[in-house]
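For reference, the structure is listed below as C-alpha cells.
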Amino acid sequence: MMGNTARAWIELDMNNLRHNINIMRSLLPDGCQLMAVLKANAYGHGAVEIARELNSNGIRAFCVASVLEGVELREHGIEGEILILGYTHPTQFYLLRKYSLMQTVIDYEYAKALDDYGEELIVHVKIDTGMHRLGERSDNVDQILQIFKYKNLVIDGIYTHLCVVDSDRQVDRNFTQKQIDNFNWVLSRIQKQGFSLPKVHIQSSYGIFNRSDLSFDYARVGIALYGMLYTLDDTEKYNIGLRPVLSVKARVSTVKTLFAGEAVGYGLAFKALHNMRIAAITFGYADGIPRCLSCGIGHVLINGQKAPIVGRICMDQMMVDVSGIEDVKQGDIAVIIGKSDKDEITACEIAEQAGTVSTEILSRLGRRLERVVLI
Ligand SMILES: *Cc1c(COP(=O)(O)O)cnc(C)c1O
C-alpha cells in the first residue's frame, strides 16, 4: 500500500462512502436522484477518486464550483451530468460544449452572455429566493421568463439554494418556507407561460433532514456523503449513522527529549516544565492543519493515544508531546483525522477547535497529500 511510504496522506474508505450513499438514498423520496457535490476537490477528498466510486454506484449527476473542476472530471472519464454551480468567464464557454458540462445561469444578465455565445449551451437556471448570492431574484419573474426564451439556452434544470435550512429556530424555519414559496411561485409562473418545467432541485444535505417533505428531481448532497455534518453538535443530533470517508495520516520524523526549561519551535512558544519526549510530525499548516491549533489546542493520535501539539505549528511540520506514549519511533504513523485504535479525531472536532466548520477543514487539506483508496 502506497501509504506505507508516504510522508503524509489521505485515506479514502470507499466502504464508508457506499454506506453513506445508501443512507442518503434511503432518505430521498421516490424519483429524487442524488446529485453529488464535488466542488473544491470533493471537499478535499479527491474529486476524481470520489466521482469514480459514485459512478460505479450508479450516481450520474454531479455539481462542481468551477468549469475547470468539471473538465478535470471529464478528463478522468467521469460519466453523467456535471453542473457548474458558479461563474464561468465567457472566454471559457467553449469548454462547456467541449466537455459536455452544464452551466448555471447565475442571473438575467449572464443568460444574455450565455446566449451571445451563439451555440446551444445546456444550463440550469438559478433563482435567488433569499440568500442573495447567485440567481435571478424570484420577484423578477419577467426576467426569468425571458431567460426561458433565449434560443441558444437549452434549459435542463432550475434550482435555488436554502441558506438557513440547517437551523431549528422558528424564524429560520419561516425563512426557509418563504424561500420555498418564492421558488414555487416562480415555477408556477413558468408553467402558466406554457413552458414545461425542467428538472427542479432545492435541497442540500440539511434540507434532506429538515425538509424531508420536499420532493424534487434532484437533491444536491455534499457533506453528508462524506460522512458528517458541518459541526460536531449537528453530526450527533442527526445521528443517522454516517461514516467519515476520509482519514489523514502523517509520520513521526524525530523523537527527542525536551529538557526542563527548554522551549520548542518558532517563537519558543512552549517551554518544558519538566523533561519530556517530543516528536516532530510530517504535517504542517500547508497540509491543512489550522495554525491556531498550536500550543496545546489540538492533538494527534499515535498508537491510539493523544499527543498534544506543543509549540507553534510550522508550514510543513509540527511537534507533539509523546511523553505519555510508549515506544514512539521514527516512521510511526500519526493520525491527524481518523481512528487510531479506540480513539478518533473527527474533522468536526478540529473544526470546533479552530472555530470553523468541518467543510473548511476538509476543503483546505493540502495539495501535496498523497491519496490511498481503500476499496
Ligand atoms: C455546496 C453546495 C451544496 C452542498 O451542500 P452540503 O451542505 O455540503 O450538502 C448544494 N448546493 C449548492 C448550491 C452548494 O453551493
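All ligand and atom numbering here is 1-based and tracks the order in the structure. We're numbering straight along the sequence, starting at 1.
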Quick one: look up the protein heavy atom nearest [atom] and list residue, atom name and how far away it is.
atom                    : answer
atom 11 (N) of ligand 1 : Arg220 NE, 2.8 Å
atom 13 (C) of ligand 1 : His161 ND1, 3.6 Å
atom 8 (O) of ligand 1  : Tyr43 OH, 2.5 Å
atom 2 (C) of ligand 1  : Lys39 NZ, 2.5 Å

* Asked: What do we get for Arg133 next to ligand 1 when only non-hydrogen atoms under 4.0 Å count, side chain, backbone, both or neither?
  -> side chain
* Counting only heavy atoms not in Gln330, do more than 12 fall under 6.0 Å of its CD? -> no
* Should we count OH of Tyr94 as having more than 12 external heavy atoms under 6.0 Å? -> no
* salt_bridge(Lys199, Glu81) N-O dist < 4.0 Å -> yes
* **Ion pair check, Arg277 and Asp321, cut-off under 4.0 Å** => no
* Looking at Tyr87 versus Tyr110, is the centre-to-centre ring distance below 6.0 Å? -> yes
* Structure fact -> Residues Thr282 and Ser253: closest non-hydrogen pair is CG2-CB, 3.9 Å
* To do: Check the side chains of Gln177 and Arg211 for a donor-acceptor pair under 3.5 angstrom, ignoring hydrogens and angles.
  => yes
Polar contact flag for [X] and ligand 1 (N/O pairs, less than 3.5 Å):
X      : result
Ser205 : yes
Val221 : no
Tyr230 : yes
Val37  : no

